[in-house]
Protein chains: 2
Amino acid sequence: MDFNAYDRNCPSRQLLDRIGDTWSVLIVVLLAQRPHRYTELANTIQGISPKMLTQTLRGLERDGLITRTVHAVVPPRVDYALTDLGRSLNVLVAELEKWAELHITDVLEARATYDARGEKEVV
Amino acid sequence: MDFNAYDRNCPSRQLLDRIGDTWSVLIVVLLAQRPHRYTELANTIQGISPKMLTQTLRGLERDGLITRTVHAVVPPRVDYALTDLGRSLNVLVAELEKWAELHITDVLEARATYDARGEKEVV
DNA sequence: CCGTATCCTACGGGATACTG
DNA sequence: CAGTATCCCGTAGGATACGG
């Protein structure tokens with residue numbers, strides 16, 4: 001076990017950071033359906049600021065997870081799409097989703113029990 | 001697709017938050033080996049503050065991922081261990097690790113390319 | 001249309017001191 | 001030993017305005 005979660009250079013840590021990031025995952029999931037334009041993403045992902053959208057897209061592009069294609073037309077048109085690597089990451093995300101759906105009831109149940117117990121003890 | 005990453009109530013989002021959290025994952029991985037005491041965890045996980053350790057443990061316990069066993073002895077002894085649910089989460093984490101190790105070279109390569117390109121353009 | 005630049009705030013989380 | 005209580009700071013990220 002040389003897995004070290006607070007070592008920034010550890011592959012596991014970097015993947016974990018990426019997957020823990022709200023916007024990254026959401027963008028990957030959207031692009032898994034089909035390529036999207038910048039504004040499409042901005043509109044679909046309500047609540048994201050242009051700053052975060054650009055920042056996240058750049059990060060994903062830098063990691064080779066998505067491609068950025070600029071079409072030399074007026075008005076400008078930029079398409080974002082998943083790479084093969086991005087698609088393989090999307091497979092992982094899908095598995096996470098499956099786990100979450102499968103076990104969410106257990107988690108909610110555990111929470112209810114935990115919280116109820118807490119109330120009694122507080123008295 | 002009813003997956004909504006900025007909806008706190010979405011199971012996927014909650015799992016993603018948990019997995020993106022440095023300390024949670026590290027603790028789960030440690031407990032996957034064997035149960036640990038509070039101080040053991042504190043010593044092994046260098047850099048974690050008591051505040052974060054307790055907070056993370058409580059969160060994991062609340063979600064039913066770990067158990068907290070207090071032994072009525074002096075000095076106090078508290079053991080933390082994975083539940084079945086926690087073990088199934090650990091399986092996921094192991095898969096993430098596998099993906100990370102498998103694809104990290106691709107990512108690093110992509111970054112090197114991206115950064116090199118950037119330097120040229122900057123001129 | 002597709003971004004960048006700037007400002008600003010909330011809060012996650014570290015350090016530390018103390019207690020049952 | 002196994003935590004809690006308190007203070008405090010850095011920074012992620014939202015809002016906004018503007019540029020190519």
Side-chain angles (χ1 to χ4, degrees), chain A residues 5-8 13-14 16-27 30-31 35-62 66-81 114 117-118 121-123, chain B residues 5-8 13-14 16-27 30-31 35-62 66-81 114 117-118 121-123:
Chain A
Y6 39 80
D7 179 0
R8 290 268 134 188
R13 180 69 260 144
Q14 300 193 23
L16 257 26
D17 287 342
R18 177 67 73 198
I19 280 186
D21 177 36
T22 311
W23 308 126
S24 287
V25 172
L26 193 44
I27 289 174
L30 282 178
L31 295 188
H36 281 68
R37 303 178 60 173
Y38 182 90
T39 315
E40 274 184 312
L41 292 171
N43 289 337
T44 307
I45 309 173
Q46 294 180 11
I48 194 172
S49 61
K51 175 182 172 181
M52 285 315 295
L53 180 52
T54 300
Q55 186 173 308
T56 306
L57 287 170
R58 290 293 180 278
L60 291 170
E61 187 194 359
R62 187 171 108 97
I66 67 173
T67 57
R68 175 174 181 271
T69 309
V70 182
H71 302 276
V73 296
V74 181
R77 176 192 181 96
V78 179
D79 283 324
Y80 293 93
Y114 183 93
R117 177 158 59 87
E121 284 174 2
V122 166
V123 180
Chain B
Y6 39 80
D7 179 359
R8 289 270 133 186
R13 179 70 259 142
Q14 299 193 24
L16 257 25
D17 288 341
R18 177 67 72 199
I19 280 188
D21 178 36
T22 310
W23 308 125
S24 288
V25 172
L26 193 44
I27 289 174
L30 283 177
L31 295 186
H36 281 67
R37 303 178 59 173
Y38 183 91
T39 315
E40 275 185 311
L41 291 172
N43 291 336
T44 307
I45 309 175
Q46 293 180 9
I48 195 172
S49 60
K51 175 182 171 180
M52 283 316 294
L53 180 52
T54 300
Q55 185 174 306
T56 307
L57 286 170
R58 291 292 179 278
L60 291 169
E61 188 194 0
R62 188 171 108 96
I66 68 174
T67 57
R68 175 173 181 272
T69 311
V70 181
H71 303 275
V73 296
V74 179
R77 176 193 181 95
V78 180
D79 283 324
Y80 293 93
Y114 183 92
R117 178 157 59 86
E121 284 174 359
V122 165
V123 178

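To find a chain, count down the sequence lines: A is the first, B the second, and so on, and within it residues start at 1.
- Residue B:R68 places no side-chain N or O under 4.0 Å from the OP1 or OP2 atom of D:dA2.
- Between the P atom of C:dC2 and the NE2 atom of A:H36 lies a distance of 13 Å, rounded to the nearest Å.
- Rounded to a whole Å, the CG atom of A:D79 is 10 Å from the P atom of C:dG3.
- For A:N43, there are no side-chain hydrogen bond (donor to acceptor under 3.5 Å, both in side chains) partners at least two apart in sequence or on another chain.
- Residues satisfying the salt bridge (Lys or Arg N to Asp or Glu O under 4.0 Å) criterion with B:D21, sequence neighbours excluded, are absent altogether.
- Per the geometry, CG belonging to B:L53 stands 14 Å off P belonging to C:dA15, to the nearest Å.
- Phosphate proximity of C:dC2 to A:R37: present, with a side-chain N or O under 4.0 Å from OP1 or OP2.
- Where the helix from C:dC1-D:dG20 to C:dG20-D:dC1 starts and where it ends, the local axes point in directions that differ by 50°; five pairs per end, rounded to 10°.
- Rounded to whole Å, the distance from CD1 on A:I45 to P on C:dC2 is 14 Å.
- A straight line from NE2 of A:H71 to P of C:dC2 spans 10 Å, rounded to a whole angstrom.
- For the pair B:L41 CG and D:dC1 P, the interatomic distance rounds to 14 Å; values are reported in whole Å.
- The minimum heavy-atom distance linking A:V78 with A:V70 is given by the pair CG2-CG2, 4.2 Å.
- When the side-chain hydrogen bond (donor to acceptor under 3.5 Å, both in side chains) test is applied to B:E40, the partners found at least two apart in sequence or on another chain are B:R34.
- Proximity of B:Y80 to the phosphate of D:dC1: no side-chain N or O atom is located under 4.0 Å from OP1 or OP2.
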Base contacts versus sugar-phosphate-only contacts with protein, heavy atoms under 4.0 Å: please encode nucleotides 4-20 of chain D as B, S and - from 5' to 3'. B-B------BBBB---B

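- Neither side chain, A:H36 nor A:D79, offers a donor N or O lying under 3.5 Å from an acceptor on the other.
- Counted by atom type alone, A:Y38 and A:T54 present one or more donor-acceptor pairs between their side chains at under 3.5 Å.
- Not counting sequence neighbours, B:R68 has no partner by the salt bridge (Lys or Arg N to Asp or Glu O under 4.0 Å) test.
- The shortest distance between side-chain heavy atoms of B:L41 and B:L30 falls below 4.5 Å.
- A 4.5 Å side-chain heavy-atom check between A:S24 and A:L60 finds at least one atom pair inside the cut-off.
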